[in-house]
Enquirer: 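Encoded as structure tokens, here's the structure I'll be asking about.
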Amino acid sequence: MAQETPKSPEQQVQQQISQWTEQPLPVFCGVSVSADLVGFAMKAMGSDYAQMEVACRVYLKDKFIPVVECGYGTANRTGDETDNTFKTQAPYFRLGMDYNFSKRKRSGNRLYAGVRYGFTSFSYDIGDPHFGDPVWGISRPLAMNGLNGNAQWGEIVFGLESRIWKIFHLGWSVRYKSRFKHKASAYGQPWYIPGFGKNDSSCLGGTFNLIFEI
């Protein structure tokens with residue numbers, strides 16, 4: 001009977017790794033919490049608006065990833081040409097699902113696409129220091145505070161996640177946002193919608209996340 005050639009230590013290690021990676025993954029593979037560093041950086045640099053958010057993900061077979069995102073959006077802007085002012089601060093929420101396309105599920109690196117549903121309800125202040133009075137024909141300051149608005153929107157997400165060290169990961173995402181529903185005061189439109197961005201029918205966004213996976 002022919003005898004098998006003894007395997008080298010390197011071959012034995014490679015065989016063990018192959019056997020481990022080929023084992024089926026459990027349904028529940030873990031959870032993670034993350035924070036978007038872009039919003040905190042924008043806030044620190046004094047941007048006209050910023051949104052600080054955190055997210056929680058659940059990994060099902062490391063393929064399907066339900067996501068909950070919540071944050072707090074703020075804006076404080078004075079127009080360069082008109083000196084019109086806008087202020088708001090309010091929470092927002094998103095629910096969604098990502099799909100991991102990476103074939104090496106146990107590596108901790110992920111390439112994914114997903115969708116989000118976002119919504120917010122907020123109040124805002126607008127002002128015009130040079131409002132023209134139609135009756136007296138003079139310019140006078142105008143301020144309208146506590147105007148109410150709300151919005152709902154959808155997002156298409158493409159992202160990449162990389163394991164940095166043990167439970168620490170970094171992630172990037174690009175998002176196309178489309179507004180579904182929007183309600184604003186008859187006295188003026190909001191310049192910014194918390195969680196969505198500058199008020200328009202659609203916009204682009206992105207995140208840079210520090211992720212802790214358990």
Side-chain angles (χ1 to χ4, degrees), residues 27-43 47-75 86-102 105 109-124 147-162 169-185 188-214:
V27 174
F28 177 74
C29 294
V31 298
S32 71
V33 293
S34 64
D36 176 23
L37 302 183
V38 173
F40 291 97
M42 292 177 65
K43 184 68 174 179
S47 175
D48 288 343
Y49 72 95
Q51 41 200 43
M52 292 72 68
E53 68 181 57
V54 295
C56 179
R57 295 172 172 83
V58 178
Y59 301 99
L60 305 178
K61 286 188 172 294
D62 209 7
K63 181 182 293 186
F64 302 101
I65 310 173
V67 184
V68 177
E69 299 171 340
C70 58
Y72 198 76
T74 65
F86 174 84
K87 293 182 180 180
T88 190
Q89 51 184 3
Y92 60 88
F93 305 90
R94 301 192 201 100
L95 305 174
M97 174 78 76
D98 292 333
Y99 181 86
N100 179 20
F101 290 95
S102 175
K105 296 294 190 295
N109 303 319
R110 300 179 176 96
L111 175 65
Y112 62 88
V115 293
R116 301 285 189 277
Y117 164 73
F119 58 94
T120 185
S121 180
F122 59 100
S123 63
Y124 58 100
L147 305 179
N148 294 319
N150 59 68
Q152 302 177 44
W153 67 92
E155 300 182 8
I156 299 176
V157 183
F158 296 94
L160 177 68
E161 180 182 331
S162 299
H169 297 228
L170 287 177
W172 302 260
S173 76
V174 178
R175 303 171 179 227
Y176 172 77
K177 306 180 182 184
S178 179
R179 199 177 62 199
F180 294 155
K181 186 178 180 181
H182 170 55
K183 182 179 180 181
S185 171
Q189 290 286 329
W191 175 77
Y192 161 81
I193 298 175
F196 180 80
K198 294 181 181 180
N199 189 9
D200 204 342
S201 60
S202 63
C203 66
L204 292 175
T207 61
F208 179 69
N209 297 313
L210 177 61
I211 305 166
F212 304 90
E213 184 176 332
I214 304 172

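From a predicted model like this one, the values you see are computed outputs, not experimental measurements.
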Enquirer: Mind checking what makes side-chain contact (heavy atoms from CB on, under 4.5 Å) contact with V174, not counting sequence neighbours?
Expert: none
Enquirer: Tell me the closest heavy-atom pair linking G73 and P194, and the distance in Å.
Expert: CA-CB, 4.2 Å
Enquirer: Contact between L204 and K177 at the side-chain level, heavy atoms closer than 4.5 Å - yes or no?
Expert: no
Enquirer: Go through it in stages, so that I can follow the logic: the residues are N199 and R179, the test is side-chain contact (heavy atoms from CB on, under 4.5 Å), and I'd like the CA-CA distance, side-chain angles, deciding distance and then a yes or no.
Expert: CA-CA 9 Å; N199 189 9; R179 199 177 62 199; 2.4 Å; yes
Enquirer: Are L210 and S34 side-chain neighbours, meaning at least one heavy-atom pair lies under 4.5 Å?
Expert: no
Enquirer: Taking side-chain contact (heavy atoms from CB on, under 4.5 Å) as the test, write out the residues that go with S202, two or more places apart.
Expert: Y176
Enquirer: Report the residues that fulfil side-chain contact (heavy atoms from CB on, under 4.5 Å) with V33, sequence neighbours left out, ordered by chain and then residue number.
Expert: F212
Enquirer: Looking at every non-hydrogen atom in both residues, tell me the closest pair between F122 and A90 and how far apart they are.
Expert: CB-CB, 3.4 Å
Enquirer: Evaluate the side-chain proximity of P190 to F86: yes if any heavy-atom separation is below 4.5 Å, no if none is.
Expert: yes
Enquirer: Who passes salt bridge (Lys or Arg N to Asp or Glu O under 4.0 Å) against R175, sequence neighbours left out?
Expert: E69, E155
Enquirer: Could you report the tightest heavy-atom contact between Q51 and Y92, atom names first, then the distance?
Expert: CB-OH, 3.4 Å
Enquirer: Would you indicate whether F119, at its atom CZ, is surrounded by more than 12 heavy atoms from other residues, nucleotides or ligands within a distance under 6.0 Å?
Expert: yes
Enquirer: Between V54 and C70, is the side-chain contact (heavy atoms from CB on, under 4.5 Å) condition met? List the steps.
Expert: CA-CA 6 Å; V54 295; C70 58; 3.9 Å; yes
Enquirer: Taking side chain as C-beta onward, heavy atoms only, is Q189 less than 4.5 Å from L147?
Expert: no
Enquirer: Indicate yes or no for a side-chain donor-acceptor contact from D36 to the backbone of F208 under 3.5 Å, with no hydrogens or angles considered.
Expert: yes
Enquirer: Could you walk me through whether H182 and Q152 pass the side chain to side chain donor-acceptor pair (under 3.5 Å) check?
Expert: CA-CA 7 Å; H182 170 55; Q152 302 177 44; over 6 Å; no
Enquirer: Who pairs with D62 by salt bridge (Lys or Arg N to Asp or Glu O under 4.0 Å), at least two apart in sequence or on another chain?
Expert: R110
Enquirer: Assess whether salt bridge (Lys or Arg N to Asp or Glu O under 4.0 Å) is satisfied between D98 and K63, documenting all intermediate values.
Expert: CA-CA 8 Å; D98 292 333; K63 181 182 293 186; over 6 Å; no
Enquirer: Between F40 and A35, what is the shortest heavy-atom contact and its length?
Expert: CE1-CB, 4.4 Å
Enquirer: Report yes if some heavy atom in the side chain of R116 is under 4.5 Å from a heavy atom in the side chain of I156; otherwise report no.
Expert: no
Enquirer: Would you check if the side chain of Y124 reaches a backbone N or O of G188 as a donor-acceptor pair within less than 3.5 Å?
Expert: yes
Enquirer: Rounded at 0.5 Å granularity, tell me how far OG in S102 sits from CG in L160.
Expert: 9.5 Å
Enquirer: Can a donor-acceptor pair be found, under 3.5 Å and without considering hydrogens, that links the side chain of T88 to the backbone of S123?
Expert: yes
Enquirer: side-chain contact (heavy atoms from CB on, under 4.5 Å), that's the test. Do E161 and W172 meet it? Break it down for me.
Expert: CA-CA 6 Å; E161 180 182 331; W172 302 260; over 6 Å; no
Enquirer: So, do N150 and N148 sit near enough that their side-chain heavy atoms are less than 4.5 Å apart?
Expert: no
Enquirer: Can you give me the closest heavy-atom contact between S173 and Y112, atom names plus distance?
Expert: CB-OH, 3.9 Å
Enquirer: Taking the ring of Y99 and the ring of F64, is the distance between their centroids below 6.0 Å?
Expert: yes
Enquirer: What salt bridge (Lys or Arg N to Asp or Glu O under 4.0 Å) pairs are there with at least one residue in residues 198-211, not counting sequence neighbours?
Expert: none
Enquirer: For the residue pair L170 and I211, what are the closest heavy atoms and their distance?
Expert: C-CD1, 4.3 Å
Enquirer: Set out, in order, the CA-CA distance, both residues' side-chain angles and the distance that settles side-chain contact (heavy atoms from CB on, under 4.5 Å) for N100 and I65, then state yes or no.
Expert: CA-CA 8 Å; N100 179 20; I65 310 173; 4.3 Å; yes
Enquirer: Is any side-chain heavy atom of L95 less than 4.5 Å from a side-chain heavy atom of F93?
Expert: no
Enquirer: So among Y117, W191, W153, which one has a ring-ring contact (aromatic ring centres under 6.0 Å, His included) with F196?
Expert: W153
Enquirer: Does R94 come within less than 4.0 Å of E53, counting only side-chain N to carboxylate O?
Expert: yes
Enquirer: Would you check if N209 and L37 make a side-chain contact, meaning some heavy-atom pair closer than 4.5 Å?
Expert: no
Enquirer: Check each of Q89, K43, M42 against Y49 using the side-chain contact (heavy atoms from CB on, under 4.5 Å) test, and report the only one that passes.
Expert: M42
